[in-house]
Amino acid sequence: MKAITISRYGAPEVLTIAELPDPEPVAGEILVEVKAFGLNHAETYMRSGRWGDVAQVTGIEAAGVVAEDPSGGLALGTPVVAIMGGMGRTRNGAYAELVTVPASNVVAVETGLDWADLAAIPEVYATAWSALHDNLALAPGATVLVRGATSALGQAAVNIAADLGATVVATTRSRANAVLLEKIGATAVLIDDGDLAAQVHDRGLVVDALLDLVGNSVLLDSVAAVRPRGRVCQAGFLGGLGALGDFNPIADLPSGVQLSFFGSFVLGTPDFPLAAVPLTELVAKAAAGIYHAKPVRTFAFEEIVHAHEVMESGTAGGKMTVALG
């Protein structure tokens, strides 16, 4: 099979197309013929070596068809999406014509979406849904602030929260993105200057829940932006992976504020079963246009180096995918 391999850790040009042996599924795995895959910032960290030694083939999500299921549970040719399950980290991932995935991380889907559009959904929508529902317990009528809303994950969160009936406050660093965020469901858009708590309080906003996709660099400001007994969930690292220095919970965490983290790498594990995420419903809402989930750009397999360059430039403006064939 053809696969995009990490020839060595480094810049985008280390991604090289090579011929590798076809993988063979063992019991508990499914072999997926990849039709398209989504691009995720996590893959730039894997490629660069910043996350230590990882699999030769990266890629944490895919859309395709079942090529083999040793259990007989899914018929040959069944359309599926696959997420995580160690892909790209401890086992070869989705940047290939074929990939083996734990059966617990594969979901059968029926949709009229084309492969490139379908591949834009699994990772970001499953993550956003989990963070909003499980960590933040978001309910209709509540106010949620999505920090880092123009990212692919942020846009998914805005879509899901608005459809749920929540009031969505979205942030961006550029006023030019305000129209996009309002189009997909944001009631208000704030320009993130690093001091959102002051903006929230000055505007008289009462924030019940905050989804922080920027990360440690703004975490103290995020916990100060929610109401007493509000919730904050950190689920991204757009601001980098630097540690939060000198964090003192007694001094820095407002009384009653609940702080949690959600990492999508747990999806499909016994404690976080993928069956608990309504992926088929999320796909159906994207297909119906309820969610604005269409990728902003789709690359060919051979354009992977350029795709990573665009992803790292921060100019994508949303989810990007790669189509095979």
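Note that the numbering runs from 1 along the sequence shown for the chain. Here the structure is a predicted model, which is why all the values come from computation and not from measurement.
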Is there a path of hydrophobic side-chain contacts, each under 4.5 Å between heavy atoms of I/L/V/M/F/W/Y residues, joining [Y] to [X]?
X      : Y      : result
Val144 : Leu210 : no
Trp115 : Leu31  : yes
Phe237 : Val232 : no
Val223 : Leu211 : no
Leu145 : Val218 : no

When you measure from the side chain of [X] to the backbone of [Y], do you find a donor-acceptor pair of N or O atoms at a distance under 3.5 Å?
X      : Y      : value
Asp193 : Asp195 : yes
Thr5   : Thr16  : yes
Gln155 : Gly317 : yes
Lys35  : Ala323 : no
Glu61  : Glu123 : yes
Asn105 : Met84  : no
Asp221 : Leu196 : yes
Asn40  : Glu43  : no
Glu97  : Leu324 : no
Asp252 : Phe247 : no

Query raised in the report: Which heavy-atom pair separates Leu267 from Val277 by the least distance, and what is that distance?
Result: CD2-CG2, 4.3 Å

Report task. Locate the shortest heavy-atom distance separating Ala293 from Ala286; write the atom from each residue and the value. Result -> CB-CB, 3.8 Å

Query - From CA spacing to verdict: side chain to side chain contact (heavy atoms under 4.5 Å, CB included), Ile160, Leu138 - result: CA-CA 10 Å; Ile160 293 172; Leu138 191 65; over 6 Å; no

Query raised in the report: Taking NZ, NE, NH1 and NH2 as the nitrogens, is one of them in Asp117 or Lys294 under 4.0 Å from a carboxylate oxygen of the other?
Result: yes

Measure up the [X] and [Y] rings against each other and bin them: parallel (under 30°), tilted (30 to 60°), perpendicular (over 60°).
X      : Y      : result
Phe265 : Phe261 : tilted
Phe272 : Phe262 : perpendicular
His306 : Phe299 : perpendicular
Tyr125 : Tyr291 : parallel

Requested in this report: Would you indicate whether the side-chain heavy atoms of Val106 and Asp69 approach each other to under 4.5 Å?
Outcome: no

**Report entry** Side chain to side chain, Thr100 and Glu24, heavy atoms closer than 4.5 Å
**Finding:** no

Query - Worked check of side chain to side chain contact (heavy atoms under 4.5 Å, CB included) between Thr172 and Ile191 - result: CA-CA 5 Å; Thr172 176; Ile191 306 304; 3.9 Å; yes

Looking at [X], I'd like to know if its [atom1] atom is crowded, meaning that more than 12 non-hydrogen atoms belonging to other residues, nucleotides or ligands lie closer than 6.0 Å.
X      : atom1 : answer
Lys285 : NZ    : yes
Arg50  : CZ    : yes
Arg227 : CZ    : yes
Glu110 : CD    : no

Query raised in the report: Given Arg91 and Glu29, is the salt bridge (charged side-chain N to carboxylate O under 4.0 Å, His left out) satisfied, shown in steps?
Result: CA-CA 12 Å; Arg91 61 192 301 143; Glu29 296 181 343; 2.6 Å; yes

Query raised in the report: When you check the side-chain N and O atoms of Arg231 and Ser260, is any donor under 3.5 Å from an acceptor?
Result: no

